[in-house]
Amino acid sequence: MTPLAVFVALVVCWVALRGFLAYPLLPGWVKAVALCCAPGAALAWSAVVTADDAFLFPETAPCPAEPLREGVIGHGEVRGVSTPFPPRAYCRWEDGTTYALAPTAESLFWGCFAVTAVALVLGLWFALRAPRALLRPAVTASPLGRGTADRQANWPTR
């Protein structure tokens with residue numbers, strides 16, 4: 001059942017993307033911003049879910065084994081926790097104290113996610129409203145008349 005749901009979601013997203021790009025009333029800069037937000041959201045997501053990892057530089061770990069000062073952050077043992085969706089990373093001490101890691105990347109993810117979601121909803125709305133607008137015009141190979149070729153500088157003339 002899961003592969004079917006993933007396939008349906010991919011098809012719906014593809015139709016929504018085609019509808020968004022074919023939407024005639026949107027200026028090009030809006031489409032560019034929406035298309036740049038998807039990779040931005042992916043990068044912000046990866047920054048958030050890896051924020052608690054300390055395997056590269058254990059001496060500068062975001063969740064130190066010892067509290068910085070007694071009673072300032074938390075007491076006891078600490079461990080890093082991250083969730084994939086909604087993306088969140090934090091340090092949790094034994095006494096229940098938490099410290100958020102990468103809150104800026106988390107905000108960036110949600111902003112980019114919102115822009116991408118609005119763009120896909122708008123594209124899906126346009127695709128369902130005007131499905132013929134998504135079709136490519138048929139390319140026909142018809143010979144050009146002499147007058148048409150003369151007006152186009154890049155066409156060879158006989």
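Computation of the quantities below employed the complete heavy-atom set of this structure, encompassing side-chain atoms and omitting hydrogens, waters and symmetry-equivalent molecules.
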- Taking T116 for its side chain and F113 for its backbone only, find out whether a donor-acceptor pair lies under 3.5 Å. no

- Query: Any donor-acceptor pair under 3.5 Å linking the side chain of W45 with the backbone of P84?
  - Reply: yes

- Item | ILVMFWY cluster, L25 and L120 together (side-chain gap under 4.5 Å) | yes

- Task: State which residues pass side-chain contact (heavy atoms from CB on, under 4.5 Å) with L108; sequence neighbours excluded, sorted by chain then number.
- Result: A44, C112

- Query: Is it the case that one hydrophobic cluster holds both V115 and F85, taking links as side-chain heavy atoms less than 4.5 Å apart, direct or via other members?
  - Reply: no

- Who are the side-chain contact (heavy atoms from CB on, under 4.5 Å) partners of V30, not counting sequence neighbours? L26, P27

- Message: So, using side chain to side chain donor-acceptor pair (under 3.5 Å) as the criterion, who are the partners of R92 when residues are at least two apart?
- Response: Y90

- Message: Tell me if a side-chain donor or acceptor on K31 pairs with a main-chain N or O of A22 at a distance below 3.5 Å.
- Response: no

- Message: P24: which residues meet the side-chain contact (heavy atoms from CB on, under 4.5 Å) condition with it, sequence neighbours left out?
- Response: F126

- Pairing residues for W14 by the ring-ring contact (aromatic ring centres under 6.0 Å, His included) criterion, not counting sequence neighbours: none

- Message: Check for me, please, whether L124 and Y23 land in the same ILVMFWY cluster - side-chain distances under 4.5 Å, paths through other members count.
- Response: no

- Task: Determine, using the 4.5 Å side-chain heavy-atom cutoff (strictly less than), whether W29 and F20 are members of one ILVMFWY cluster.
- Result: yes

- Message: Taking side-chain contact (heavy atoms from CB on, under 4.5 Å) as the definition, give me every residue that meets it alongside L101, ordered by chain and number, with sequence neighbours left out.
- Response: A51, D52, P62, C63, A89, C91, Y99

- Walk me through it: do L35 and L21 pass the test side-chain contact (heavy atoms from CB on, under 4.5 Å)? CA-CA 10 Å; L35 288 177; L21 293 176; 3.8 Å; yes

- Message: Could you measure the distance from the CZ atom of F109 to the OG atom of S46? Nearest 0.5 Å is fine.
- Response: 10.5 Å

- Message: Can you give me the closest heavy-atom contact between A102 and V48, atom names plus distance?
- Response: O-CG2, 4.1 Å

- Can you get from V121 to V118 by hopping between Ile, Leu, Val, Met, Phe, Trp and Tyr side chains that sit under 4.5 Å apart? no

